[in-house]
Amino acid sequence: MAIQHSSATSGATRPEIRRRILTGDRPTGRLHIGHYVGSLKNRVRLQNDYDCFFLVADYHMLTTRLDRLSEVEQNIRDMVLDYLSVGIEPERSTIYLQSLAPEVAELHLLFSMLVTANRLERMPTLKDMVRDLNVEVTYGLLGYPVLQAADILMVRAHLVPVGKDQESHLELTRQIAGRFNELFGEVFPLPDTLIGDVPTLVGTDGKAKMSKSLGNTIYLSDDAETVTQKVMRMYTDPTRLRATDPGHVEGNPVFSYLDAFDPDVTVVSELKERYRAGRVGDVEVKKRLAGSLNTFLEPFRERRAGFAARTGLVEEILREGSQRAREEARKTLAAAREAMRLNYFRG
Ligand code: ATP
Ligand code: MG
């Protein structure tokens, strides 16, 4: 795992302030094991060293999900419980709801003047969304990465732990911050990207990315039986018809998951060898994987159940977190307006 340093250092950093993290997720469903290896694991690990902001991005959800708004409230609850279950601690980190700190919309508007429509039309993530979700490119969807830049720069974050698919958005964020600083003076740091151990976890169907919207997920909150069923139905090596045929390990999602979630490297490499030689069937490998995943997920399930039983907990966390984020938002917006000389008639 390596931090990708931006070429310029962050001019707005003051040494007495703890360095900041911002990252988040859209409330389009529960979180899955891809989120864990791509981003959540880094968030939990860095909680002590950074001042962390974790965002539930409900405005971003609007860009592709206008037809499913009735599910959002439940998704928000689930997502916060997922955060808590993996070990994000609201006493140390700020968990907030994007629409409860709506200043971000004004920053988004200011930033939208600093990027061309052509640049946004060329974002690789836009093509992926149109292909996978079969959605039309609204003005809002085109601006998705600009809104993300506003989230990140609103709290003047230095580091953003995300999956590989978000790399291009972080590049754009740095570009917008750089352009703003160049035109109006040094206000924003240029944040670094931190990609997880597994940059992109493949889906259970063998598609390039596990994604809430593609129905190829194993959720952090799935019970043991569901996990086992999903694993037993997983896509493996399509060229292999019998257990005695030599199999392919590379590009086989069952082995990608074993690499990511089974701590016993020796057993896994032995299985790989036997698979390549046609000396082990898919069923045995899948049984091993189901066991490893369930061992990995069990502590999360237990913790989740404890938090879920506490009435009003999610509301309280979001209320307090959003208040804190909002204070930062107001400060940043004031600094941005000041730099742009937009503070006339403000008393
Ligand atoms: P949606 O289908 O609604 O876009 P998603 O599953 O792609 O959902 P996001 O909320 O878009 O999830 O992503 C949240 C974070 O998790 C991002 O940092 C993203 O890069 C990371 N992430 C999502 N899926 C994966 C994956 N399969 N592997 C690694 N990281 C992932
Ligand atoms: Mg996504």
Side-chain angles (χ1 to χ4, degrees), residues 1 4 21-44 46 52-69 71-72 74-76 78-80 82-83 86 88 95 97-98 123-135 140-141 144-145 147-149 151-152 157 159-173 191-222 230 234-235 253 256-257 259-261 293:
M1 180 186 332
Q4 301 173 346
I21 278 181
L22 180 131
T23 190
D25 313 273
R26 307 199 306 152
T28 48
R30 288 178 287 149
L31 297 182
H32 52 68
I33 57 176
H35 291 119
Y36 187 81
V37 288
S39 169
L40 290 169
K41 190 174 169 190
N42 275 332
R43 301 185 204 181
V44 175
L46 295 171
C52 292
F53 289 82
F54 300 128
L55 158 79
V56 180
D58 58 334
Y59 285 154
H60 273 107
M61 173 275 308
L62 297 175
T63 59
T64 59
R65 291 285 189 116
L66 277 186
D67 54 334
R68 289 165 68 178
L69 296 182
E71 298 167 16
V72 178
Q74 187 58 45
N75 290 344
I76 293 171
D78 279 332
M79 189 165 285
V80 174
D82 286 333
Y83 285 172
V86 298
I88 290 177
I95 300 174
L97 184 61
Q98 196 177 26
M123 296 298 287
T125 44
L126 184 68
K127 288 188 200 91
D128 292 346
M129 283 207 247
V130 171
R131 184 199 58 216
D132 294 340
L133 308 176
N134 194 25
V135 286
L141 182 61
Y144 185 120
L147 181 57
Q148 192 173 335
D151 291 323
I152 295 165
L159 187 65
V160 186
V162 283
K164 176 107 180 136
D165 61 314
Q166 296 295 308
E167 221 167 20
S168 59
H169 290 185
L170 266 296
E171 242 172 71
L172 183 81
T173 300
D192 291 318
T193 312
L194 178 65
I195 309 282
D197 290 342
V198 182
T200 306
L201 192 75
V202 295
T204 52
D205 55 358
K207 283 209 183 106
K209 182 174 172 278
M210 177 176 286
S211 170
K212 295 184 226 108
S213 307
L214 296 178
N216 59 5
T217 52
I218 292 177
Y219 292 110
L220 296 172
S221 52
D222 277 342
K230 285 183 177 177
M234 266 178 79
Y235 174 96
S256 307
Y257 292 7
D259 282 336
F261 299 100
L293 278 174

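This structure is a prediction, so every number in the text was calculated from the model and none was measured. Counting starts at 1 for both ligands and their atoms, following the listed order.
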Going by the atom numbers of ligand 1, which of them fall below 4.0 Å from some non-hydrogen atom of [X]?
| X | value |
| --- | --- |
| V162 | 18 (O) |
| G38 | 29 (C), 30 (N) |
| K209 | 5 (P), 7 (O), 23 (C), 24 (N), 25 (C), 27 (N) |

Within the structure provided, determine whether [X] and [Y] are in side-chain contact (heavy-atom separation under 4.5 Å).
| X | Y | value |
| --- | --- | --- |
| T204 | Y257 | yes |
| V202 | K209 | no |
| I21 | P161 | yes |
| Q148 | L172 | no |
| M61 | R68 | no |

Under 3.5 Å, N or O to N or O, is [X] touching ligand 1 that way?
| X | result |
| --- | --- |
| H32 | yes |
| L201 | yes |
| K212 | yes |
| G163 | yes |

### Polar contact flag, side-chain donor to acceptor under 3.5 angstrom, T200-K164
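No, no side-chain donor-acceptor contact under 3.5 Å.
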
Judged on heavy-atom distance to [atom], which of [options] sits nearest?
| atom | options | result |
| --- | --- | --- |
| atom 27 (N) of ligand 1 | H169, M210, H60 | M210 |
| atom 29 (C) of ligand 1 | G29, G24, G34 | G34 |
| atom 20 (O) of ligand 1 | V202, T217, D165 | D165 |
| atom 5 (P) of ligand 1 | H35, K164, R26 | H35 |

### Query
Does the side-chain contact (heavy atoms from CB on, under 4.5 Å) test come out yes or no for N216 and Y235, once each step is laid out?
CA-CA 10 Å; N216 59 5; Y235 174 96; over 6 Å; no

Mark the output for [X] as yes if a heavy-atom distance to ligand 1 is under 4.0 Å, and as no if none is.
| X | answer |
| --- | --- |
| G196 | no |
| M129 | no |
| T200 | yes |

### Message
I'd like to know if R30 pairs up with D82 as an ion pair, taking the criterion as any Lys NZ or Arg NE/NH1/NH2 lying under 4.0 Å from an Asp or Glu carboxylate oxygen.
### Response
no

### Query
Any ion pair linking D25 and R43 (charged N to carboxylate O, less than 4.0 Å)?
yes

### Task
Would you kindly specify which portion of A57 sits under 4.0 Å from ligand 1, judged on non-hydrogen atoms: side chain, backbone, both or neither?
neither

#### Entry: T28 contact mode with ligand 1 (heavy-atom cut-off under 4.0 Å)
side chain

### Query
Is it the case that more than 12 heavy atoms not belonging to K41 sit under 6.0 Å from its NZ atom?
no

